[in-house]
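Structure, as structure tokens:
Every number for a ligand or one of its atoms is a count from 1 in the order of the listing. For this chain, numbers begin at 1 and follow the sequence in order.
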Amino acid sequence: MNEAELLFTQALGCDRAALYFNKRGSLNSRQAAFVSTALKRRIKGEPIQYILGKTEFMGLEFKVNKDVLIPRPETEILVETAIKIVRKFVALAKGGQTTALWPASSQVRKLRILDIGTGSGCIAISLAKFLPEASITATDISDKALETAKENAKFNNVEDKIVFLRSDLFESLAICDMRYAICVCNPPYIAAGEIDNLQPEIKYEPRIALDGGKDGLGFYRRIIKEAPDYLRDNGILIMEIGFGQAQAIGDIFRESGNFKILEIVKDYNNIDRVITAKRGRKE
Ligand code: GLN
């Protein structure tokens with residue numbers, strides 16, 4: 001839906017088709033006031049998703065507010081990539097084949113997935129919804145973001161499939177001694193100095209969800225360095241990447257010596273958007 005459709009379906013409490021096909025009179029005063037307030041906020045630059053308090057991602061509804069990044073369509077590519085990888089392993093395991101990620105002997109066990117920097121919870125919740133075999137841990141450094149993510153998990157009926165944990169990247173996981181088959185992350189990846197040059201809507205989003213340090217790559221360096229301690233042998237790290245960052249992030253992976261890059265997936269604009277890499281075996 002375009003923004004006008006989003007606004008009016010919410011104001012009228014109807015779906016998109018009803019907007020065009022139902023004969024309607026004028027807005028009542030409550031609906032008119034809602035539209036007027038919403039438009040005033042929108043004109044100032046506030047994103048429509050914050051004004052309406054919700055957005056759609058992977059066909060699911062997510063509550064959003066100023067404490068969380070608004071889920072982006074590009075991030076659906078990360079989710080789809082993770083789903084594809086997991087389904088491949090599940091199919092192999094169900095066919096009786098032992099796979100490095102999910103040995104046939106442990107088929108009864110859930111496949112463990114870790115979502116670092118969950119924000120609204122959009123990635124973790126979509127994975128929980130689409131992958132019944134998954135057991136998910138989702139972390140964020142922000143308590144407020146975690147509150148929203150938990151609400152979203154409940155709203156989408158997957159709260160029993162996700163453990164939410166306050167953590168600066170992997171920090172709080174250090175005591176658990178748990179290894180994950182898959183780690184997904186959409187880290188902040190905008191260079192600090194560039195944030196102010198972006199469209200005004202961005203300024204409404206939490207800066208910690210966007211700011212990737214001086215060159216935008218700070219979180220990739222930390223994640224690639226720390227992730228091996230939390231991934232199983234052959235475990236897979238899947239990260240969203242920013243425009244023009246594929247080469248530099250590929251170099252960070254290669255220099256680490258701990259990963260083999262598997263794939264770089266492009267988005268709908270033909271921009272490299274998701275990188276997947278396999279953790280090598282422990283020596
Ligand atoms: N994981 C969340 C998302 O993809 C939040 C990411 C972030 O805040 N950088 O939308």
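To the nearest 0.5 angstrom, Glu3 atom CD is 5.0 Å from Ile48 atom CD1. Between Ile271 atom CD1 and Ile77 atom CD1 the span is 10.0 Å, to the nearest 0.5 Å.
For atom 8 (O) of ligand 1, the closest heavy atom belonging to the protein is Ala209 CB, 3.2 Å. Ranking protein heavy atoms by distance to atom 5 (C) of ligand 1, first place goes to Gly117 O, 3.5 Å. Closest protein heavy atom to atom 10 (O) of ligand 1: Cys122 SG, 3.4 Å. Nearest protein heavy-atom contact of atom 2 (C) of ligand 1 is Thr118 O, 3.3 Å.
Atom numbering of ligand 1 starts at 1 in the shown order; those under 4.0 Å from a heavy atom of Thr75 are 4 (O). With ligand atoms numbered from 1 in the order given, ligand 1 contributes 6 (C), 7 (C), 8 (O), 10 (O) to contacts under 4.0 Å with heavy atoms of Leu69.
Within a 6.0 Å radius of OH in Tyr20, other residues, nucleotides and ligands contribute more than 12 heavy atoms.
Considering every non-hydrogen atom in both Ala82 and Leu127, the closest pair reads CB-CD2, 3.9 Å. The heavy-atom pair separating Phe34 from Ala11 by the smallest distance is CD2-CB, 3.6 Å.
Summarising the contacts of atom 7 (C) of ligand 1 with Asn186, Val184, Asp211, the nearest heavy atom is found in Asn186.
Using bins of under 30°, 30° to 60° and over 60° for the plane-to-plane angle, the ring pair Phe57/Phe62 lands in the perpendicular bin.
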